[in-house]
Amino acid sequence: MSKQEEVQIIDFEELLRSIESRLASAGMYVQREAIITILQAEEAFLLEKGVLQEYSE
């Protein structure tokens with residue numbers, strides 16, 4: 001990783017609560033397991049495209 005790259009770590013639980021809150025505001029209820037499955041698919045897609053990178057210290 002170059003010195004110019006910024007690492008941002010996202011709290012998964014906070015992301016999940018935010019999505020649940022937005023859905024609730026829109027009058028929608030989606031099971032947490034469905035949201036997790038969608039997020040995992042999105043993560044896999046973004047990793048495959050090189051948009052996200054796995055981070056290890």
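FYI, the numbering just counts along the sequence from 1. In this text the structure is predicted, and so the values were computed from the model without any measurement.
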| task | Kindly write out the residues that satisfy side chain to side chain contact (heavy atoms under 4.5 Å, CB included) with E48, not counting sequence neighbours, or none if the list is empty. | result | none
| message | Holding to salt bridge (Lys or Arg N to Asp or Glu O under 4.0 Å), I want the full list of residues that pass it with R32, two or more places apart in sequence or in another chain. | response | E13, E20
| said: Running the 4.5 Å side-chain criterion over Ile, Leu, Val, Met, Phe, Trp and Tyr, what cluster does Y29 land in, apart from itself? | reply: none
| request: Could you identify which residues cluster with L47, counting Ile, Leu, Val, Met, Phe, Trp and Tyr as linked when any side-chain heavy atoms lie under 4.5 Å apart, either directly or through a chain of such contacts? | output: F45, L46, V51, L52
| Restricting to pairs with a member in residues 34-45, which pass salt bridge (Lys or Arg N to Asp or Glu O under 4.0 Å), not counting sequence neighbours? | none
| said: Taking R17's backbone N and O only, do any of them form a donor-acceptor pair with S21's side chain (distance below 3.5 Å, no angle check)? | reply: no
| request: Apply side chain to side chain contact (heavy atoms under 4.5 Å, CB included) to the pair L39 and I19, showing each step before the final yes or no. | output: CA-CA 10 Å; L39 289 173; I19 292 169; 3.8 Å; yes
| According to a 4.5 Å side-chain heavy-atom criterion applied to Ile, Leu, Val, Met, Phe, Trp and Tyr, with indirect links allowed, do M28 and I38 form part of one hydrophobic cluster? | no
